[in-house]
S.K.: 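The structure under discussion is supplied below as structure tokens; questions concerning it will follow.
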2 protein chains.
Amino acid sequence: MGDLIMQPSNLKVSPKYSESKEMYLKALVELDVFVSPTVSRLANRLGVTQVSANEMVRRLTDQGLMIHTPYKGVNLTKKGRQLGNNVLRRQRLWECFLYDYLKVEWSRLYELTCNLEHNTPPEVTESLAIYLNNPAQCPHGQPIPTVDGECKSLKGIPLNQLGIGESASILSVTESPLEVVEHFSQQGLLPGKHITLVNTTPLQGPLTLQVGQAHIALGLQMAEQILVKRD
Amino acid sequence: MGDLIMQPSNLKVSPKYSESKEMYLKALVELDVFVSPTVSRLANRLGVTQVSANEMVRRLTDQGLMIHTPYKGVNLTKKGRQLGNNVLRRQRLWECFLYDYLKVEWSRLYELTCNLEHNTPPEVTESLAIYLNNPAQCPHGQPIPTVDGECKSLKGIPLNQLGIGESASILSVTESPLEVVEHFSQQGLLPGKHITLVNTTPLQGPLTLQVGQAHIALGLQMAEQILVKRD
DNA sequence: CCGGATAATAAGGTCAACCATAACAATTTT
DNA sequence: AAAATTGTTATGGTTGACCTTATTATCCGG
């Protein structure tokens, strides 16, 4: 009898080759803002042991996607960076959709789109981009890479490099764990907002900012995650 | 230095436990329309060997999701059916979105959403449902299960059970491999369309239908995939 | 009721991604 | 320069989800 309905083409159960691979590539793109991350930073970011990360890095190196210089760090090759940027493009487009259309909470965006990105075929990605009107940034202010895997980085400075009394507007915040991002959100530290650096304290101490009318204290590490542009 | 950006909570690389599991559950829900499918039908549908399917069925049986009566077929337990329906809900909602908003080709919907469904967290699913205005059917005419895993099946008959001269309208077509579904689309055999059975031929031969002004021949197996409701 | 098709089980294997533990190498700190 | 810290490699597991190649069990049609 009607075995027509068998094997709907891509019903492939298994080949999830590379879901992990994509995570590694993405993590690398995200991490190497200023310096190439070491394997342990990577491992840490991905929530795996260093040994596992090392293994994976070796495999990806074999595939010509990255280069590991021991004790120095891991660098993406051109091909690797492109792939990583593609992943990021997918995720950030989804973030736009979830935020602007589905009204998902800002601080949960990263978390919720973090696995949607895999399994998003190119056709869908590009239709989505058109639907969203080709946004340039995700709700965190991060640039969305182009179809061909290019990504021009933001020209801004970390908030902690502002001088006292200087005003600036927030360009982006780094995708971070929920608690951190939730804190940003509660303090109104969102892309586009204007802030003024009121004060700093020595010994890695907190900064004082003015956001709107309010004065808030912000830890140094948090401040490093915020990219601003002087007014 | 700023290791704040480490470990964005769910950045879990590995635990893709269950992507396969979901496929099995979904396939079962899709297949057991009239009779419980045997393991080999399942295997066939999923594109794996019977041995693999057997193994997996055993595992899922152990988890209380299905019951396998040798030589009779596999049945979902209540829990299993609910889970399967959840998967189907996610996929069908995505199908609606891709079709209505992203303007994706009708015949590619199943294929393109087929892996999107995993990794769609409940929050996103439900926000999407609201955004889409809680549709009752996917673009194939299949019912969309409710949040709690219920799914009332369509009350219709397979097209081949019509009598000669009878008219009916198409309720749904079964999600099938690309070639099949493409053929449906080319012949205008889409949900909502009106058809009249003009003729039948013996020995599993094709049926002749009138669709709009045109007369078309349709293989019996294809006809079995189309559910209609007499006018 | 027998023989061939179909279905199920058995046995042993592969591969990707993980893990822990331990040793070794480089760098930094004291 | 020794000690402490951090980074890398080696070794040997585990697990899920596949695979192939038998062998055995059941069903169904002549």
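Protein chains get the first letters and strands the later ones, always in sequence-line order, with residue 1 at the start of each. Keep in mind it's a predicted model, so treat the numbers as computed, not measured.
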S.K.: Suppose we screen for side-chain contact (heavy atoms from CB on, under 4.5 Å). Which residues come up paired with B:Pro139, at least two apart in sequence or across chains?
M.R.: B:Glu95, B:Cys96, B:Tyr99, B:Trp106, B:Leu109
S.K.: Rounded to whole angstroms, how far apart are CD on A:Glu19 and C1' on D:dG16?
M.R.: 14 Å
S.K.: Quick one: side-chain hydrogen bond (donor to acceptor under 3.5 Å, both in side chains) partners of B:Glu22, sequence neighbours excluded?
M.R.: B:Arg90, B:His118
S.K.: For B:Leu60 and D:dA17, give me the distance from atom CG to atom C1', rounded to whole Å.
M.R.: 11 Å
S.K.: How many whole angstroms separate atom CG of B:Asp62 from atom C1' of D:dA17?
M.R.: 15 Å
S.K.: Grab the CG-P distance between A:Leu42 and D:dT6 for me, whole Å please.
M.R.: 18 Å
S.K.: If the cut-off is 4.0 Å, is A:Tyr24 near the phosphate of C:dC18, judged by side-chain N/O to OP1 or OP2?
M.R.: yes
S.K.: Rounded to the Å, how far apart are B:Glu55 CD and C:dA10 P?
M.R.: 12 Å
S.K.: Could you tell me how far apart A:Met23 (CE) and C:dC18 (C1') are, to the nearest whole angstrom?
M.R.: 15 Å
S.K.: Taking OP1 and OP2 of D:dG16, is either one under 4.0 Å from a side-chain nitrogen or oxygen of B:Ser20?
M.R.: no
S.K.: By nearest atom, which of the nucleotides C:dA17, C:dC19, D:dC19 is closest to the A:Arg59 side chain?
M.R.: C:dA17
S.K.: So which of A:Met66, A:Gln82, A:Glu30 actually passes side-chain contact (heavy atoms from CB on, under 4.5 Å) with A:Leu25?
M.R.: A:Met66
S.K.: Using the ring centroid of each side chain, check whether A:Phe97 and B:Tyr101 are separated by less than 6.0 Å.
M.R.: no
S.K.: Between the protein and nucleotides 7-9 of chain C, list every N/O to N/O distance that falls short of 3.5 Å.
M.R.:
from: C:dA7; atom 1: OP2; to: B:Ser40; atom 2: OG; distance (Å): 3.2
from: C:dA8; atom 1: OP1; to: B:His68; atom 2: NE2; distance (Å): 2.9
from: C:dA8; atom 1: OP1; to: B:Tyr71; atom 2: N; distance (Å): 2.9
from: C:dT9; atom 1: OP2; to: B:Asn54; atom 2: OD1; distance (Å): 2.9

S.K.: Could you note down all residue pairs passing side-chain hydrogen bond (donor to acceptor under 3.5 Å, both in side chains) where residues 61-76 of chain B supplies at least one of them, sequence neighbours left out?
M.R.: B:Lys21-B:Gln63, B:Ser36-B:Asn75
S.K.: Select one nucleotide: of C:dA17, C:dA20, D:dC19, the one nearest the side-chain heavy atoms of A:Thr49.
M.R.: C:dA20
S.K.: Applying side-chain contact (heavy atoms from CB on, under 4.5 Å), name anything that partners A:Pro143, two or more places apart in sequence or on another chain.
M.R.: A:Arg92, A:Cys151, A:Leu154
S.K.: For residues 73-86 of chain B, pull every pair meeting salt bridge (charged side-chain N to carboxylate O under 4.0 Å, His left out), keeping only residues two or more places apart or in separate chains.
M.R.: B:Asp32-B:Arg81
S.K.: Quickly work out the B:Arg58 CZ to D:dG16 P distance and round it to whole Å.
M.R.: 12 Å
S.K.: Within this structure, what is the CG-to-P distance between B:Leu46 and D:dC19, rounded to whole angstrom?
M.R.: 10 Å
